[in-house]
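Report on the following structure.
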Amino acid sequence: MRILLFGPTGQVGWELQRALAPLGQLVACGRDSVDLADRTSLAAAIARHQPDVLVNAAAYTQVDRAESDPASAERINAAAVGEMADAMAARGGWFLHYSTDYVFDGTKAGVYREDDPAAPLGVYGASKRAGEVAAAAAGGRHLVLRTSWVYAARGQNFVRTMLRLAKERQSLRVVADQTGSPTSAELIADVTAHALKRVLDDGTESDRMSGLYHLTADGHTTWHGLASRVIGQADNAGAQLSCRAENVEPIGTSDYPTPAQRPANSRLDTTRLRETFGITLPDWRYHVDRTVAELTEQ
Ligand SMILES: NC(=O)C1=CN([C@@H]2O[C@H](COP(=O)(O)OP(=O)(O)OC[C@H]3O[C@@H](n4cnc5c(N)ncnc54)[C@H](OP(=O)(O)O)[C@@H]3O)[C@@H](O)[C@H]2O)C=CC1
Ligand SMILES: Cc1cn([C@H]2C[C@H](O)[C@@H](COP(=O)(O)OP(=O)(O)O[C@H]3O[C@@H](C)C(=O)[C@@H](O)[C@H]3O)O2)c(=O)[nH]c1=O
Ligand SMILES: [Mg+2]
């Protein structure tokens, strides 16, 4: 079983290197060996490695920058994804890919299901939605895992930003009217490996599992709730902070203007994933607390 991984230096890709290794012969292609902006480079990587499974953890993830660089976001998050999906459909292999809660506009009152209409508010979300559509349109076997608010002990993420700012400033202002589920890269990688093992073990029976799934930690909070949790846990662990949890001020979205608009509600219903693959998802605080512990030990 040959597994090809794109994006091994990213948050999710890094964890996938560990999680996927036991499932087959894993080859990781970083930017040094494949540039997804270049169609020829992408086709050559697939031709060279002849994968049975392609896992794409690479993406254009700078939400605000995408607003002024839509061509790059569209190329990496949509066109390249379509080319990957087409190539894997032609090979008869599995294509695994990730998408985002930012495909929704956040106006729904409850949790979003996989088949709720997408209505992205920004360029990043629109490019990721186009990638989802392209992955399905190829007609091959695929798993697209839609996740949200990803963080890890390494890489660029909100949890690490909050710890850095809490060391520099005596107070922080964080939006309290955007709700979602913080999800660790480690959880995403472990669930990916579990789901991949399942579809490979089930052979052609697994064709009915092909499709789109929501994958987030259980429960939800706001960005303010997440910042308060992170700073409170770091403080308890003895980190030297200038800002305490009680000095994280809740603000409204309009008080924190950004180039890209973000959904007010992006809670995702994970029933389909849990029931199809028999997975239990931990509360969002579980991995947040472990990640903060790891970061404050360093
Ligand atoms: N981060 C988040 O909060 C969320 C992420 N997602 C999705 O999850 C997936 C993984 O995200 P995450 O791990 O956070 O991503 P990161 O931003 O941490 O990593 C992105 C990866 O993509 C690679 N990459 C970007 N452009 C290119 C290119 N032109 N050629 C080759 N490689 C490229 C990067 O390589 P390099 O290191 O060289 O730049 C890096 O390995 C993505 O599909 C993302 O859309 C979904 C919801 C939330
Ligand atoms: C740094 C900071 C951000 N914010 C706000 C801005 C924004 O509304 C929210 C989150 O900010 P960030 O820019 O860190 O997060 P953002 O880049 O929007 O994160 C998103 O990334 C992409 C890749 C995804 O797919 C999404 O699921 C989501 O995780 O917090 C504050 O209120 N105060 C602050 O000090
Ligand atoms: Mg960001």
Side-chain angles (χ1 to χ4, degrees), residues 5-17 28-38 41-42 45 55-66 72-73 75-81 96-104 106 120-122 124-125 127-129 131-132 135 144-152 154-162 164-166 168-169 171-186 188-189 192 214-216 222-227 243 248-264 266 268:
L5 171 65
F6 290 152
T9 53
Q11 302 186 82
V12 174
W14 183 262
E15 295 293 331
L16 282 169
Q17 294 192 63
C29 276
R31 208 191 276 263
D32 48 343
S33 58
V34 65
D35 178 5
L36 300 181
D38 175 0
S41 164
L42 170 54
V55 182
N56 178 37
Y60 187 108
T61 53
Q62 285 149 294
V63 175
D64 287 321
R65 208 172 107 187
S72 296
R75 169 63 216 166
I76 308 295
N77 292 343
V81 174
L96 274 59
H97 177 64
Y98 301 92
S99 192
T100 175
D101 55 330
Y102 283 18
V103 299
F104 294 118
L121 297 171
Y124 165 75
S127 69
K128 293 295 294 183
R129 176 60 192 159
E132 294 179 350
V144 175
L145 305 174
R146 242 191 221 150
T147 188
S148 64
W149 298 24
V150 177
Y151 64 91
R154 59 189 300 289
Q156 271 200 30
N157 60 69
F158 182 86
V159 168
R160 291 188 66 210
T161 302
M162 289 303 115
R164 176 171 51 77
L165 294 178
E168 295 168 359
R169 303 183 193 168
S171 67
L172 292 177
R173 302 167 73 241
V174 183
V175 296
D177 55 2
Q178 292 170 24
T179 301
S181 301
T183 305
S184 78
E186 184 184 359
I188 296 167
T192 301
H214 286 171
L215 160 55
T216 68
T222 64
W223 292 111
H224 174 267
L226 175 56
C243 176
V248 182
E249 186 196 336
I251 59 170
T253 296
S254 56
D255 300 317
Y256 198 93
T258 52
Q261 206 186 325
R262 285 146 170 91
S266 62
L268 304 181

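Atoms within a ligand are numbered from 1 in the order they appear, just like the ligands themselves. Only heavy atoms go into these numbers, but all of them, side chains included; no hydrogens, no water, no symmetry mates.
- Of all the heavy atoms of Thr147, the ones lying under 4.0 Å from any atom of ligand 1 are found in both the backbone and the side chain.
- When side chains are defined from C-beta on, Tyr60 does not count as touching Arg75, because their heavy atoms never get closer than 4.5 Å.
- The proximity of Ala59 to ligand 1, defined as any non-hydrogen pair under 4.0 Å, involves the side chain as well as the backbone.
- Contact annotation for Ser99 and ligand 1: only backbone heavy atoms (N, CA, C, O) come within less than 4.0 Å of the ligand.
- Atom numbering of ligand 1 starts at 1 in the shown order; those under 4.0 Å from a heavy atom of Val34 are 30 (N), 31 (C).
- Thr253 and Asp177 are linked by a side-chain donor-acceptor pair at a separation below 3.5 angstrom, with hydrogens and angles left out of the test.
- Partner Ser99 forms a side chain to side chain donor-acceptor pair (under 3.5 Å) with one of Arg146, Lys128, Glu132 and no other, that one being Glu132.
- Ligand 2 is never approached by Gln62 to a heavy-atom distance shorter than 4.0 Å.
- Under 4.0 Å from ligand 1, the heavy atoms of Trp149 that appear belong solely to its backbone.
- Neither the backbone nor the side chain of Asn157 has any atom closer than 4.0 Å to an atom of ligand 1 (non-hydrogen atoms only).
- Using a 4.0 Å cut-off between heavy atoms, Lys128 contacts ligand 1 through its side chain alone, with no backbone atom that close.
- Shown in contact with Asp35 at under 4.0 Å from a heavy atom are these atoms of ligand 1, numbered in order with element: 28 (C), 29 (N), 30 (N).
- Taking every heavy atom of Thr100 and a limit of under 4.0 angstrom, the matching atoms of ligand 1 come to 46 (C), 47 (C).
- In this pair, Phe158 and Trp223 present their aromatic rings tilted. The plane angle is within the 30 to 60° band.
- The protein heavy atom nearest to atom 9 (C) of ligand 1 is Tyr98 CB, 3.7 Å.
- No heavy atom of Leu172 sits closer than 4.0 Å to any atom of ligand 2.
- A salt bridge does not link Asp101 to Arg262: none of the charged nitrogens lies less than 4.0 Å from a carboxylate oxygen.
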